[in-house]
Peer 1: 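Mind having a look at this structure? Questions to follow.
Just so we're on the same page: letters track the sequence lines, and every chain starts at 1. Predicted model only: the values in this text are computed from it and were never measured.
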Amino acid sequence: MNRVARRCFSYLLCLGLVVNLTVFSLSSLPVYSQKTSPLTTEIRGVWLTNVASGVLFVPWGINRALNQLSALNFNTIYPVVWNRGHTFYKSTLAKIATGSDTQPFLNFMHGGQDVLAKIVTLAKDKDLKVIPWFEYGFMTPHYSQLARRYPDWLTIGQEGINSIQDAPPEEINNLLVSKQAWLNPLHPEVQEFIQGLILEVVRDYDVDGIQLDDHFGMPVQFGYDRFTIELYQQEHQGKSPPIDPFNSKWMRWRADKITDFMAKIYQAVKAVKPNVRISLSPNYQAFAYKYYLQDWESWVKKGLVNELVLQVYRNDKNSFIAQLEQPSVKLAQSLIPVGIGISTGTVGNPVKIAQVREQVQIVRDRNFNGISFFYWESLWGYIIPESPQQRRKAFFEMFNPKTVRLLHPKKL
Amino acid sequence: MRFAPRNTRFGLTLLWTLATFDGFLLSLLLIEVGEKPDIGVVEAAIGGFVIALLQGCLLKQPIFCIRWILSSLLGWSMITAIGIGGIGWIVPSTQILPLRILSGAVYGALGGFGIGLTQWLAIPQPVVAWRWIFVSAASWAIAVPVGSVVGIILHRLTQLFLGEVMGLAITWLLVGILTGMNAHKLRS
């Protein structure tokens with residue numbers, strides 16, 4: 001009896017399973033399918049980084065991310081290619097300088113496959129623009145091979161201070177990496193190395209641009225290394241740099257040197273691929289110049305930047321709006337496409353979707369050219385206040401075809 | 001197929017707990033935790049399969065292992081299809097603590113009963129099989145509300161949905177321990 005009952009029950013359940021899998025497999029798929037033309041919409045970007053994020057490492061992480069982004073009508077990704085002294089693509093230059101052609105763990109997880117090549121191939125299939133992001137700029141950890149092998153490439157502050165408390169937003173709570181060394185942006189060998197990395201990416205991959213960020217500068221307290229002092233003395237009749245790092249002429253001299261290097265990069269990139277976009281994602285001008293000698297307003301005026309994505313990671317609405325209305329931003333808006341970087345949160349600072357939605361609307365109301373979100377893991381990963389599905393629904397509503405904002409042709 | 005120390009009850013409980021918990025962690029690579037409507041039959045079937053696969057490795061005979069996996073897959077599909085939900089991967093939508101405890105106990109008992117019922121098909125010994133249904137129901141009835149409460153507390157403290165996922169991990173750990181305490185009977 002027991003055996004007969006079990007058999008009948010089994011048949012019944014198996015039948016039920018087949019029916020269920022057939023019916024529910026269709027209904028459980030996401031309903032995000034209305035695609036918009038990538039040429040007619042605002043910038044809808046996201047930064048993909050390796051820190052506090054598994055997207056580049058876990059199996060199917062990249063495929064899943066790009067599929068979801070495409071389905072939700074995103075159109076641009078900024079994948080990290082330079083972080084903590086390592087490249088995230090196969091780099092001959094990095095191999096020579098650091099001994100590793102790719103970040104070792106990334107290389108291990110992908111079995112030696114070139115991750116940037118994979119990203120580019122997958123993204124092109126999904127109509128996503130790829131703008132590799134040199135996240136660390138001139139910053140490098142003290143423990144990195146680069147810092148160890150080339151100590152003369154590093155710039156320092158007065159009294160031999162050789163590091164700065166700095167960290168990208170996603171690792172702001174990571175005490176192990178918060179002290180950073182800084183490659184000297186004025187040093188010709190550093191310039192050659194950094195420019196070389198950028199050109200490798202532009203030359204070897206079908207990318208739409210490259211992006212530099214707020215770390216592409218020099219902390220104002222630095223510049224007291226031997227090379228910089230001698231260079232300064234050569235150009236100032238043997239005088240040493242002022243003791244005050246905030247001395248306006250001293251600041252201007254160093255900032256102009258960085259601007260000169262930016263011009264070299266621009267020319268070199270355009271010589272290889274004229275249509276590749278030079279994107280910059282800085283902090284607001286006053287901060288960028290005062291603390292990092294990054295005079296991006298001049299860069300925009302000189303035509304050294306094709307796209308600006310201003311980082312405005314603010315929770316307070318008024319503070320957020322104030323950042324968008326600064327004269328330097330308005331000037332940039334009149335010259336090049338300008339997008340706004342919005343924080344979707346970090347582990348230490350989760351951001352509710354209501355705030356993200358409100359900030360997107362503020363950006364749209366002020367006729368910016370789009371938005372980029374920092375960062376992938378907090379779009380709809382688990383480090384958010386709401387469920388991942390609720391977040392995706394919200395992004396879908398923000399970016400569905402009914403809310404598409406057409407860009408003015410001259411801005412494209 | 002044999003990874004458990006020879007008939008050591010404690011050893012098997014430990015391994016069963018590890019297999020269940022690791023199965024859940026592994027399932028997170030394939031399934032995204034969400035609210036009840038977000039976890040469909042397919043997701044529940046995949047999750048159930050992953051966990052049963054690891055648990056099945058601890059059973060003695062290969063045929064038992066295969067039947068265990070198939071019956072578990074069936075169980076998870078069934079409870080999701082009939083509206084109980086994929087309780088191992090869902091987070092209650094309510095933020096009211098007593099409601100969470102109550103619904104967690106009720107849905108946990110129902111879900112555990114459903115899974116136990118289909119696993120009953122795989123267990124060769126009739127007495128053990130009948131008993132397993134109630135072990136499963138009781139384990140889930142206890143584990144779901146406990147995990148749910150831990151989840152909401154962590155969610156509120158951190159403001160991260162990750163807190164709820166950790167609550168589910170607690171649920172699975174408890175389920176692993178409670179069912180694991182009876183798992184030795186499956187091997188007798």
Peer 1: What pair of heavy atoms forms the shortest contact from B:D38 to A:S387, and how long is it?
Peer 2: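 Here B:D38 and A:S387 meet closest at OD2-OG, 4.5 Å.
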
Peer 1: Is it the case that more than 12 heavy atoms not belonging to B:R131 sit under 6.0 Å from its CZ atom?
Peer 2: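 No, the 6.0 Å shell around CZ holds no more than 12 heavy atoms from other groups.
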
Peer 1: When you look at NZ of A:K317, are more than 12 heavy atoms from neighbouring residues, nucleotides or ligands closer to it than 6.0 Å?
Peer 2: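 At most 12 heavy atoms, drawn from other residues, nucleotides or ligands, come within 6.0 Å of this atom.
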
Peer 1: What's the shortest heavy-atom distance between A:W60 and B:L30, and which atoms?
Peer 2: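 Minimum heavy-atom separation between A:W60 and B:L30: CZ3-CD2, 3.7 Å.
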
Peer 1: Relative to chain A, which segment of B:V91 carries a heavy atom at a distance below 4.5 Å: side chain, backbone, both, or neither?
Peer 2: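 Neither; nothing under 4.5 Å.
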
Peer 1: Using non-hydrogen atoms and a limit below 4.5 Å, what part of residues 350-360 of chain A faces chain B?
Peer 2: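 Within residues 350-360 of chain A, near chain B: A:P350, A:K352.
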
Peer 1: Within residues 144-178 of chain B, which positions have a heavy-atom distance to chain A below 4.5 Å?
Peer 2: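 Within residues 144-178 of chain B, near chain A: B:H155, B:T158, B:Q159, B:L160, B:F161, B:L162, B:V165.
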
Peer 1: Show the nearest heavy-atom pair for residues B:L28 and A:Y382, with the distance to one decimal.
Peer 2: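 Closest approach of B:L28 to A:Y382, heavy atoms only: CD2-OH, 4.3 Å.
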
Peer 1: Please say whether more than 12 non-hydrogen atoms of neighbouring residues, nucleotides or ligands are located less than 6.0 Å from OH in B:Y107.
Peer 2: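 No, OH of B:Y107 has 12 or fewer neighbouring heavy atoms, counting only those of other groups under 6.0 Å.
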
Peer 1: Got A:Q389 and B:E35 here, is their nearest side-chain heavy-atom distance under 4.5 Å?
Peer 2: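 They are not in contact (no side-chain heavy atoms under 4.5 Å apart), so the answer is no.
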
